[in-house]
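Worth knowing before you read on, the calculation uses all heavy atoms, side chains too, and leaves out hydrogens, waters and symmetry mates. So you know, we letter chains A, B, ... as the sequences are listed, proteins then strands, and number each from 1. Just so you know, these numbers come straight off a predicted model, no measurement behind them.
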2 protein chains.
Amino acid sequence: MIQTQKQSAAEVAYRHIRRRIIDGTLQSGAFLIEQDLAAEIGVSRTPVRDALHRLENEGLVHAEGNKRAMVRDFSESEVEECFELRAQFESFAAGRAATRITPEGIAELKRHATRMEEVVNDAGPEAALKFSDLNDLFHAIILDHAGSPRLRELMRPLMQVQLVLMKRYRHTIEMHLTRSCWHHSELIRAFEAHDPAWAESQMRTHMLSAKNPGAA
Amino acid sequence: MIQTQKQSAAEVAYRHIRRRIIDGTLQSGAFLIEQDLAAEIGVSRTPVRDALHRLENEGLVHAEGNKRAMVRDFSESEVEECFELRAQFESFAAGRAATRITPEGIAELKRHATRMEEVVNDAGPEAALKFSDLNDLFHAIILDHAGSPRLRELMRPLMQVQLVLMKRYRHTIEMHLTRSCWHHSELIRAFEAHDPAWAESQMRTHMLSAKNPGAA
DNA sequence: CTCACAAAAGTTGTATACAATACTGGGAAT
DNA sequence: ATTCCCAGTATTGTATACAACTTTTGTGAG
């Protein structure tokens, strides 16, 4: 049976606004007027409010007092900060995942890694975007197997923000993609060995390397 | 000039519900019915909804789909999980803070540490609660000086949850308090030396020690 | 021209009513 | 007895109206 899965208005609003922030239609500092967004999306202000709160918690939107919300400013320094935090937390998560990940989990990682390599080789016009999505899934799998729901929740905002930043500043350039693929395959090996220290170190390397995409 | 600072209904609702969760009036698994809470607090459902969303993001409330929200279940294993995550994140924060903290920041830390020692010595009936509050402030100061707003935001839910857990399971027993004071003074020394590795290590020690309060 | 200030417009916060969904209990089929 | 299903009730989701607050605009004094 096909699940047409009716979505709540709040969810629709959330996706809509999120998309517009990620694709750059709504740039840093742009005001998010509830009324306007509601009219644009075709729902009332109530679900829009919910969506904005959610986006605020995820760090994509800034709001304070009774003032109008705006798209949060993502400076270059924030990119650095995100990478550093992710290097710290995801390596921790990788270490935990090493001893907990299931064979199915590893198979899933391999599937995504393979897809990413294909994307890099085909090198279509949207390669960077496709890669970015797959990459997020890859990292999400690892977090899911870290056996800590709280950690998973804590990381979400960080991943969100970086999704925006990557697409905006094109941090994922060609050179970097092939290197990432190599890191991913190494990571998978560490997981297969169920070696926490290796997995942790490998993940840290991966993140810190991504932080400096320009370096030869 | 005295700021009477009129609070929004949403803020009032948030504080009210949060308090009831922390002091145990609302126990794990209790249903949070918007209508009832609204009547009890004396506001409409709208700000109550906002408050519940906020509490959900902070990890104190669980909700999914259109089902009614409930007070999240805080198992013993979650306590362990929180301590582990905090050991990881706060030691990282402490390392960063070591090179960034100002003399004023250090003075503030000392002030709080001293107050905590007094509380432990006086040993009044509410010593544990007072200590817990001061302790939170102490750790908050360090996070504030880590120079990473994102990290600060990420930690908030973790601190919140633990506040509940500590009060509920009385993790802060006498033995543990004096030990914590000792750790705090050591931490301050590390900050005064502006030694990241020392501060980080000391904080990790502190958190992992707190995780096992029973050990002699 | 610039500043201060007040009026007007714009926007968010809250309350309330209704719609959609989830929960509860009892009765029928097995 | 047990399971399934249905209707009735409870609760949440959404829309709308109004109140409170914020921002902009316009006007006059210096």
Side-chain angles (χ1 to χ4, degrees), chain A residues 1-21 25-73, chain B residues 1-21 25-73:
Chain A
M1 184 169 76
I2 295 167
Q3 294 253 51
T4 15
Q5 185 77 344
K6 182 177 175 286
Q7 313 216 52
S8 70
E11 182 71 16
V12 171
Y14 167 76
R15 298 235 170 123
H16 181 101
I17 301 169
R18 180 169 176 274
R19 170 162 295 277
R20 289 203 51 190
I21 294 177
T25 316
L26 286 167
Q27 301 206 1
S28 285
F31 288 123
L32 299 163
I33 307 302
E34 296 175 1
Q35 195 88 281
D36 298 354
L37 291 169
E40 179 183 320
I41 298 166
V43 298
S44 85
R45 269 181 57 211
T46 313
V48 171
R49 279 178 68 79
D50 286 355
L52 287 178
H53 280 134
R54 201 168 146 195
L55 288 162
E56 190 186 349
N57 291 320
E58 286 174 356
L60 262 48
V61 164
H62 174 79
E64 66 173 295
N66 298 358
K67 305 188 175 98
R68 54 213 161 148
M70 59 174 63
V71 178
R72 189 152 162 177
D73 175 55
Chain B
M1 182 169 76
I2 294 168
Q3 296 251 52
T4 14
Q5 185 77 345
K6 181 176 174 285
Q7 313 220 50
S8 69
E11 183 70 18
V12 171
Y14 167 75
R15 298 235 168 122
H16 180 100
I17 301 170
R18 180 170 176 275
R19 170 161 297 277
R20 289 201 53 190
I21 294 177
T25 315
L26 285 167
Q27 301 207 0
S28 285
F31 288 122
L32 299 163
I33 307 301
E34 296 176 2
Q35 194 88 283
D36 298 354
L37 291 170
E40 178 183 319
I41 298 166
V43 298
S44 84
R45 269 181 57 210
T46 314
V48 172
R49 278 178 70 79
D50 286 356
L52 287 178
H53 279 135
R54 201 168 147 196
L55 288 162
E56 189 186 348
N57 291 322
E58 287 173 356
L60 262 48
V61 163
H62 174 80
E64 65 173 297
N66 298 357
K67 304 187 176 104
R68 49 207 164 156
M70 58 174 65
V71 179
R72 188 151 162 176
D73 175 55

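- Shown here for A51(A) and A10(A), the closest heavy-atom pair between the two residues is CB-O, 4.0 Å.
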Step by step, would you call H62(A) with D73(A) a side chain to side chain contact (heavy atoms under 4.5 Å, CB included)?
CA-CA 8 Å; H62(A) 174 79; D73(A) 175 55; over 6 Å; no
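- Looking at heavy atoms from C-beta onward, V48(B) lies out of side-chain contact with L32(B) at the 4.5 angstrom threshold.
- When the P atom of dG13(C) is taken as reference, atom CD of E64(A) falls 12 Å away, rounded to whole Å.
- A donor-acceptor pair under 3.5 Å links the side-chain atoms of N57(B) to the main chain of H53(B), judged by distance alone.
- Using a cut-off of 4.0 Å between Lys/Arg side-chain N and Asp/Glu carboxylate O, R54(B) and E11(B) are scored as salt-bridged.
- Separating the CD atom of Q7(B) from the C1' atom of dT14(C) is a distance of 16 Å, rounded to the nearest angstrom.
- Partner R20(A) forms a side-chain contact (heavy atoms from CB on, under 4.5 Å) with one of Q27(A), E40(A), R15(A) and no other, that one being E40(A).
- Residues of residues 34-58 of chain A that place a heavy atom closer than 4.0 Å to DNA chain C, in numerical order, are E34(A), R45(A), R49(A).
- One interatomic measurement links the two molecules: CD1 of I33(A) to P of dG10(C), which rounds to 11 Å at whole-angstrom precision.
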Side chain to side chain contact (heavy atoms under 4.5 Å, CB included) between R72(B) and I21(B): does it pass, once the steps are laid out?
CA-CA 9 Å; R72(B) 188 151 162 176; I21(B) 294 177; over 6 Å; no
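- Scanning both residues, I41(A) and A13(A), for their nearest heavy atoms gives CD1-CA, 3.8 Å.
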Protein N or O to nucleotides 22-25 of chain D N or O, pairs below 3.5 Å:
residue, atom, partner, partner atom, Å
dT23(D), O3', R68(A), NH2, 3.0
dT24(D), OP1, R68(A), NH2, 3.3

